[in-house]
Amino acid sequence: MMLIHTHHFRDIERKPEYLQPEKCVPPPYPGPVGTMWFIRDSCGIACAIVTWFLVLYAEFVVLFVMLIPSRDYVYSIINGIVFNLLAFLALASHCRAMLTDPGAVPKGNATKEFIESLQLKPGQVVYKCPKCCSIKPDRAHHCSVCKRCIRKMDHHCPWVNNCVGENNQKYFVLFTMYIALISLHALIMVGFHFLHCFEEDWTKCSSFSPPTTVILLILLCFEALLFLIFTSVMFGTQVHSICTDETGIEQLKKEERRWAKKTKWMNMKAVFGHPFSLGWASPFATPDQGKADPYQYVV
């Protein structure tokens, strides 16, 4: 077991309820390989469903209001392929971000027997989470929704019904990027379609009635503008967090930096994988980032 030596010491939790053996169960056996990760949170599930509904609504308006009724087949085919590809990648990234273990620390391993099995040297200490009864690695934080300690936890996002942490940050970044791109694409197409309808007869520029067409386009415009602003800001925040190697929680709490400083490019490769490739933009490529040992403790 590797122990990282630093000049900074973290306090031992000495709460009475923690020290009682019945409060902590032995470390659970690891689940079968490929076990799906899913958080059973009603608010998060509702937000995830709303996210899919909004993307599918945009898909419906783009296809059946703007592209299919258009007499410019080249315009329709090109924009249809681009929009559907971006929407598919956005939803695939959403699924990977939602169903990937963000870096959860094993629950219930902070038992007296397990700590003794670590054979810590005199002066070495471990930080123990009294909420999930786990031995907490450095830079891990407890999530009250996931009810687990998450390695390099950035924040809990209800829109993906999961924490954004060490193992799924790439997918969350791709999700925000592709949502921003399809929002921008939709806004541009809505603008062109409005111009087309003003120049032509409204009854010929859509298969729906003019009032219905206007309402559908305005709703899509409002949705696209809102999500473009939100996801662009989130994407920029995430990229900045990756480049500085400082999570959102660490920035908020202004935690003292105890880890080695690396270049921005090295930090990007740590999240998206080694080496740089088209796989960085693919939600289906699992980054080879050299998984951290969950039992690397600050002592």
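Computed from heavy atoms alone, side chains included, the values below leave out hydrogens, waters and symmetry copies.
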Problem - Short side-chain to backbone donor-acceptor contact, S282 and F284, under 3.5 Å - result: yes

Handout entry: Polar side-chain atom of W52 near backbone of L91 as donor-acceptor pair, under 3.5 Å
Key = no

Problem - Ring geometry between F208 and F60 (parallel below 30°, tilted from 30 to 60°, perpendicular above 60°) - result: perpendicular

Exercise for the section: For residues L67 and M189, report the shortest heavy-atom separation together with the two atoms involved. Expected result: CD2-SD, 4.2 Å

Practice task
Determine the interplanar angle of the H155 and F172 rings, folded into 0 to 90°, and report it as parallel if under 30°, tilted if 30 to 60°, perpendicular if over 60°.
Solution key: perpendicular

Practice task
Spell out, as yes or no, whether a donor-acceptor pair under 3.5 Å connects the side chain of Y171 to the backbone of V164.
Solution key: no

Problem - Residues R148 and D101 bridged, charged N to O under 4.0 Å - result: no

Practice task
Scan side-chain atoms only and decide if N162 and W37 contain a donor-acceptor pair under the 3.5 Å cut-off.
Solution key: yes

Practice task
For residues 222-238, pull every pair meeting side chain to side chain donor-acceptor pair (under 3.5 Å), keeping only residues two or more places apart or in separate chains.
Solution key: D154-Q238, Q169-Q238

Exercise for the section: Identify the heavy atoms of I150 and G165 that sit nearest to each other, and give their distance. Expected result: CG2-CA, 4.3 Å

Practice task
Would you confirm whether N84, through its side chain, and I81, through its main-chain N or O, come within 3.5 Å as a donor-acceptor pair?
Solution key: no

Handout entry: K261 backbone acceptor or donor facing D245 side chain under 3.5 Å
Key = no

Problem - Residue pairs fulfilling side chain to side chain donor-acceptor pair (under 3.5 Å) with at least one residue in residues 63-72, sequence neighbours excluded - result: R71-E200

Exercise for the section: On the 0 to 90° scale, with breaks at 30° and 60°, tag the F230-W159 ring pair as parallel, tilted or perpendicular. Expected result: perpendicular

Practice task
Classify the angle between the aromatic ring planes of H196 and H193 as parallel (below 30°), tilted (30 to 60°) or perpendicular (above 60°).
Solution key: tilted

Problem - Hydrophobic cluster membership, Y57 vs V214, 4.5 Å side-chain cutoff - result: yes

Exercise for the section: May I ask you to decide if E246's main-chain N or O and S241's side chain share a donor-acceptor pair within less than 3.5 Å? Expected result: yes

Handout entry: Side-chain donor/acceptor of K170 to backbone N/O of A285, under 3.5 Å
Key = yes

Practice task
Salt-bridge test for E166 and K152: reply yes if a basic N is under 4.0 Å from a carboxylate O, no otherwise.
Solution key: no

Practice task
May I ask you to decide if C157's main-chain N or O and N161's side chain share a donor-acceptor pair within less than 3.5 Å?
Solution key: no

